[in-house]
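When a ligand or atom number is given, it counts from 1 through the structure's own listing order.
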Amino acid sequence: MSTRERPLHAVPESQAPPRALDGSHPEKAVALPPGPVLGRLSGTVAFHRDPLSFLRRAQQRFGDIFTVRLATTGPVVVVADPDAAEALAELDTGASSAAAHAGEARRGVLPMASSLSIFGSDEERHRSARARAFPAFAPEHVAARAGKVQAIVDRHLAGWPRGRPTRLLPRMRHLADEVFVREILGVRDQPRASQLADRIGGLMYTPGNPPVTIPGSDQGLLGRAVNAEYRRRRRPIAALLEAEIQARRSSGRRGEGVLALLVEQEPGSDSDALVEELLALLMAAQEPMAAALTWLALSLGSAPEIARRLREEEPGGAYERAVIAESLRLHPPAVGMLRRLQTGITLAGHALAPDTSTMAPMPLLHRDPRSFPDPDRFDPDRHLGRDSGPRTWPFGHGPRSCIAQALARTQLAALARAMGDGLTIRPLGPQPERMVLRATILVPRRSGLVRLS
Ligand code: HEM
């Protein structure tokens with residue numbers, strides 16, 4: 001359904017208050033929707049510590065559209081009505097006239113996401129970057145690699161310690177990094193692939209899950225220190241990527257994967273720009289994938305009857321898909337779809353000014369009792385027996401939705417099958433782990449503390 005067909009929700013600027021003659025936006029004076037009043041730092045910490053409760057409390061008090069004020073990003077308007085959220089996501093059409101930008105919004109929260117990359121760019125730059133890389137993510141390309149992905153998953157799981165407490169999240173990061181380096185970048189040189197996967201693992205490492213978003217280099221002393229550390233960690237990865245690019249260029253063999261597409265389509269471009277683009281892709285690839293794998297393992301580990309049924313059903317069948325869909329509903333790795341408005345719009349009855357940062361919050365949308373009865377229960381059956389399951393957006397929506405859905409689903413299916421093959425994962429601790437926010441990703445509070453047998 002197009003944005004125009006939804007009378008309730010996003011109305012483009014032509015119907016919103018006009019710009020003033022001097023080019024300024026009178027609607028800038030329009031007040032942001034009300035929202036929780038907390039100090040910016042205490043609000044940020046509360047949001048990161050328990051994003052679901054924080055957002056639920058705000059929705060109960062202020063309704064489906066409200067403003068949260070965060071220390072590192074400034075005010076963000078949260079849109080928790082499903083139709084309005086979809087309409088908002090669709091505002092970034094990719095055209096130069098787009099009413100919202102996803103890249104700009106993401107760079108506001110993840111300052112390291114390069115404006116040259118698919119993840120962090122907008123308009124024409126984004127369209128060409130996405131089109132260039134897409135063949136490496138196309139479902140048929142990924143399907144041809146499913147066996148190799150399964151082999152990587154099985155090998156990792158076989159090497160994990162049995163019988164003692166272990167944290168899944170860092171192990172899943174390592175697994176996701178190896179799939180990315182070998183099957184998406186297409187690095188075949190064994191030592192280089194291993195070194196890259198190892199170094200990449202450390203790129204975004206923080207001790208534990210910090211309760212605030214990583215600040216940008218222009219955000220005070222801490223921002224400058226974090227940025228300097230990031231640049232230090234980035235150096236060896238950039239050197240390995242450059243070596244791979246140079247090896248392909250000098251041998252005249254394009255090789256495989258995203259790297260092949262970039263080298264082939266931009267033969268003259270300097271490798272620094274390619275490295276910048278690849279590192280942002282990597283950031284988009286690592287954390288949500290590792291979180292999704294961890295949450296799936298935790299969900300299946302605490303629901304042995306569902307794990308048993310999964311073993312009995314056909315691999316790749318409807319029940320496997322339902323289990324994955326339910327895990328992504330209950331624990332969507334990304335906290336939201338982010339868009340920065342370029343024009344004034346009216347959304348769910350609220351006039352919003354240009355330059356407003358907005359977020360469609362996945363945890364609220366996916367646990368909305370109006371759409372999901374008993375919303376906090378892990379119940380794959382809710383996705384079965386209908387023409388189309390209930391609407392969820394774990395991979396976002398519209399032209400800026402995740403490019404790697406097929407790859408992500410393939411990895412999740414590989415994990416589900418490996419867990420059906422005799423591996424038991426038992427979460428430790430009396431309560432299920434709560435979601436906490438790490439930058440923009442929802443991870444388990446104890447990073448998935450389990451015992452394997
Ligand atoms: C289960 C795992 C994953 C989840 C849940 C996920 C989720 C998302 C979400 C929510 C977005 C933003 C969508 C929007 O704003 O509408 C996104 C964008 C993106 N993701 Fe993923 N992602 C996953 C894995 C990956 C992987 C493995 C890669 C790369 C190998 C990747 C690459 C990207 C890129 C490049 C974008 C930006 C797309 C664009 O703006 O055109 N993601 N992802």
Return yes or no for this condition: an N or O of Arg106 is under 3.5 Å from an N or O of ligand 1.
-> yes
Taking only non-hydrogen atoms of Leu281 and a 4.0 Å limit, the atoms of ligand 1 in range are 35 (C)
Per-atom filter on ligand 1: closer than 4.0 angstrom to a heavy atom of Ala334 are 10 (C)
Any side-chain heavy atom of Glu320 within less than 4.5 Å of one from Ile324?
-> yes
Is it true that the NZ or CZ of Arg367 lies under 6.0 Å from the centre of Phe372's six-membered ring and within 45 degrees of the ring axis?
-> no
Give the numbers and elements of all ligand 1 atoms closer than 4.0 Å to a heavy atom of Phe180.
-> 30 (C)
Of Ala285, Pro399, Ala292, Ser401, the residue with the heavy atom nearest atom 30 (C) of ligand 1 is Ala285
Heavy-atom contacts with Gly396 under 4.0 Å: which atoms of ligand 1 show up? List them by number with element.
-> 10 (C), 13 (C), 14 (C), 16 (O)
Could you list which atoms of ligand 1 come closer than 4.0 Å to a heavy atom of Pro394?
-> 5 (C), 7 (C), 10 (C)
Considering only protein heavy atoms, which is closest to atom 2 (C) of ligand 1, and at what distance to one decimal place?
-> Ala408 CB, 3.6 Å
Do Arg56 and Asp368 meet the salt-bridge criterion of a basic N to acidic O distance under 4.0 Å?
-> no
Report the part of Glu90 in contact with ligand 1, treating N, CA, C, O as backbone and CB onward as side chain, heavy atoms under 4.0 Å; options are side chain, backbone, both, neither.
-> neither
Please test Arg340 against Thr356 for side chain to side chain donor-acceptor pair (under 3.5 Å), starting from the C-alpha separation and ending with a verdict.
-> CA-CA 6 Å; Arg340 191 155 169 99; Thr356 303; over 6 Å; no
What do the steps show when you test Arg248 against Glu244 for salt bridge (charged side-chain N to carboxylate O under 4.0 Å, His left out), and what is the final call?
-> CA-CA 6 Å; Arg248 292 186 190 209; Glu244 177 74 18; 2.9 Å; yes
Just let me know how Arg339 lines up against ligand 1, side chain, backbone, both or neither, with a heavy-atom cut-off below 4.0 Å.
-> side chain
Shortest reach to atom 32 (C) of ligand 1 by a heavy atom, considering only Ala136, Gly120, Gly103, Ala284 = Ala284
Main-chain N/O of Gln286 paired to Arg173 side chain as donor or acceptor, under 3.5 Å = no
4.0 Å heavy-atom contact, His126 with ligand 1 | yes
Thinking salt bridges, do Arg400 and Asp122 make one under a 4.0 Å N-O criterion?
-> yes
Working for salt bridge (charged side-chain N to carboxylate O under 4.0 Å, His left out), residues Glu183 and Lys148 = CA-CA 8 Å; Glu183 303 310 322; Lys148 292 196 167 141; 5.2 Å; no
Could you verify whether a donor N or O on one side chain and an acceptor N or O on the other, from Arg329 and Thr392, lie under 3.5 Å apart?
-> no
Identify whether the distance between the nearest side-chain nitrogen and carboxylate oxygen of Glu178 and Arg155 falls below 4.0 Å.
-> yes
Heteroatom distance test (Trp393, ligand 1): nitrogen or oxygen, under 3.5 angstrom = no
Taking non-hydrogen atoms only, is Cys402 closer than 4.0 angstrom to ligand 1 via side chain, backbone, both or neither?
-> both
Nearest neighbour of atom 38 (C) of ligand 1 from the list Glu287, Met362, His397, Arg130, on a heavy-atom basis = Arg130
Among all protein heavy atoms, pick out the one at the shortest distance from atom 31 (C) of ligand 1; state its residue, atom name and that distance to 0.1 Å.
-> Ala404 CB, 3.5 Å
Heavy-atom contacts with Phe119 under 4.0 Å: which atoms of ligand 1 show up? List them by number with element.
-> 36 (C), 37 (C)
Sub-4.0 Å heavy-atom contact, Ala102 with ligand 1 | no
Take atom CZ in Arg192; do more than 12 heavy atoms of anything else shown fall under 6.0 Å from it?
-> yes
Among all protein heavy atoms, pick the one closest to atom 14 (C) of ligand 1 and tell me residue, atom and distance.
-> Arg400 O, 3.3 Å
What's the verdict on side chain to side chain contact (heavy atoms under 4.5 Å, CB included) for His174 and Asp198, showing C-alpha distance, side-chain angles and the deciding distance?
-> CA-CA 7 Å; His174 204 57; Asp198 285 348; 3.0 Å; yes
